[in-house]
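For reference, the structure is listed below as structure tokens.
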Amino acid sequence: MKVLRVFPRRTKATPIDELAFVGEPWLFLPEADEVHVSCTFTWDCNEARRLAKAWSRHYPIVKLGGPAFGDRGGEFEPGMYLRPGYVITSRGCPNRCFGCFVPQREGAIRLLTVRDGFIVQDNNLLACPKSHIHAVLDMLSRQSQRPIFSGGLEAALFTREMALAILSVRPARLFFAYDRSGDYRHIEEAVAIIRELAEWKRGTMRHHVSCYILVGYPGDDVGQAQERIAKVMSLDVRAYPMFYRDDVFTRRPVEWMDLIGGTIAMGGRA
Ligand code: SF4
């Protein structure tokens with residue numbers, strides 16, 4: 001079956017094949033059996049609904065879905081909703097972090113068939129059984145590109161044994177997540193393990209290890225967020241502040257934009 005996919009916005013993970021579109025229908029449209037409008041971010045839901053209507057003028061079957069609409073997600077199909085190279089080998093998460101939709105949307109950990117890819121987008125790979133993690137590492141060791149663990153590794157589960165296994169596949173980048181106040185201690189420990197085991201040159205840790213830092217959630221302020229970012233950067237880890245957004249937030253207040261801009265200026269990302 002030929003499925004044309006439509007996305008409300010382009011990101012670096014958006015597929016680029018001839019059946020993948022961003023936004024409105026074009027003048028010349030390919031044949032397809034179905035159109036799937038896929039929406040990742042809740043703040044794009046209205047645009048996704050609008051696009052579903054627009055595309056239904058050209059195709060009889062138009063389906064609206066994606067994580068933002070609460071899809072639990074089934075087996076992962078490489079290249080379908082994410083650009084080739086990206087891979088998801090598990091869904092769900094056993095944790096209940098504030099502001100995260102994953103547990104309510106996808107439930108506890110579910111293991112998927114391990115397909116090929118090198119950018120691992122699992123919500124919480126380290127919460128999977130060891131046998132699954134090793135199957136993923138086996139798959140990664142067969143790829144021509146070095147792996148990137150961009151889904152966010154839970155630092156509390158990054159034991160010495162796990163670090164040895166992950167470093168054995170020579171990752172290009174790995175990401176931790178600093179979502180809860182207690183996370184920092186674990187990130188510090190994980191970085192110490194990496195520093196001891198990895199063969200990266202001194203002072204190059206930030207080229208390989210990054211950390212998503214949730215900022216701007218209710219109760220947070222710019223000063224506290226700056227402190228968290230500075231602590232992460234003091235470990236020689238690249239900071240990626242992730243601004244908390246609920247369905248209502250459409251714009252980041254200017255002081256938060258300044259904070260994120262300042263982090264980028266210091267070598268972080270947003
Ligand atoms: S560990 Fe990550 S995926 Fe799991 S609940 Fe927390 S933020 Fe969400």
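These numbers were taken from a predicted model, which means no experiment stands behind them. Ligands are counted one by one from 1 in listed order, and the atoms in each one are counted from 1 as well. FYI, the numbering just counts along the sequence from 1.
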Open item on the list: Residue-level breakdown please: for Pro103 versus ligand 1, do any non-hydrogen atoms fall below 4.0 Å on the side chain, on the backbone, on both, or on neither?
Closed with: side chain
- [ ] Report, in ascending order of atom number, the atoms of ligand 1 lying under 4.0 Å from any heavy atom of Asp179.
- [x] 7 (S)
Open item on the list: Angle between ring planes, Phe158 versus Phe176, binned at 30° and 60°: parallel, tilted or perpendicular?
Closed with: perpendicular
- [ ] Compare all side-chain heavy atoms of Phe118 with those of Val169 and state whether any distance is below 4.5 angstrom.
- [x] no
Task: Thr14 and Arg83 side chains, donor-acceptor separation under 3.5 Å - done: no
Task: For atom 2 (Fe) of ligand 1, the option (of Asp183, Asn123, Leu153) bearing the nearest heavy atom - done: Asn123
Open item on the list: Can you tell me how the ring of Tyr212 sits relative to the ring of Tyr240, calling it parallel under 30°, perpendicular over 60° and tilted otherwise?
Closed with: perpendicular
TODO: Quick one: look up the protein heavy atom nearest atom 1 (S) of ligand 1 and list residue, atom name and how far away it is.
DONE: Asn95 ND2, 3.5 Å
Task: Flag side-chain contact, heavy atom, 4.5 Å: Asn123 against Ser90 - done: no
- [ ] Could you find the nearest protein heavy atom to atom 6 (Fe) of ligand 1 and give me its residue, atom name and distance?
- [x] Cys97 SG, 2.3 Å
Task: Per-atom contacts of ligand 1 with Cys93, taking only distances under 4.0 Å to non-hydrogen atoms - done: 1 (S), 3 (S), 4 (Fe), 5 (S)
Open item on the list: Is it the case that the side chain of Arg206 and the backbone of Asp236 share a donor-acceptor pair, with hydrogens and angles ignored and the cut-off at 3.5 Å?
Closed with: no
Open item on the list: Out of all atoms in ligand 1, which are within 4.0 Å of some heavy atom of Cys100? Include the element for each.
Closed with: 3 (S), 5 (S), 7 (S), 8 (Fe)
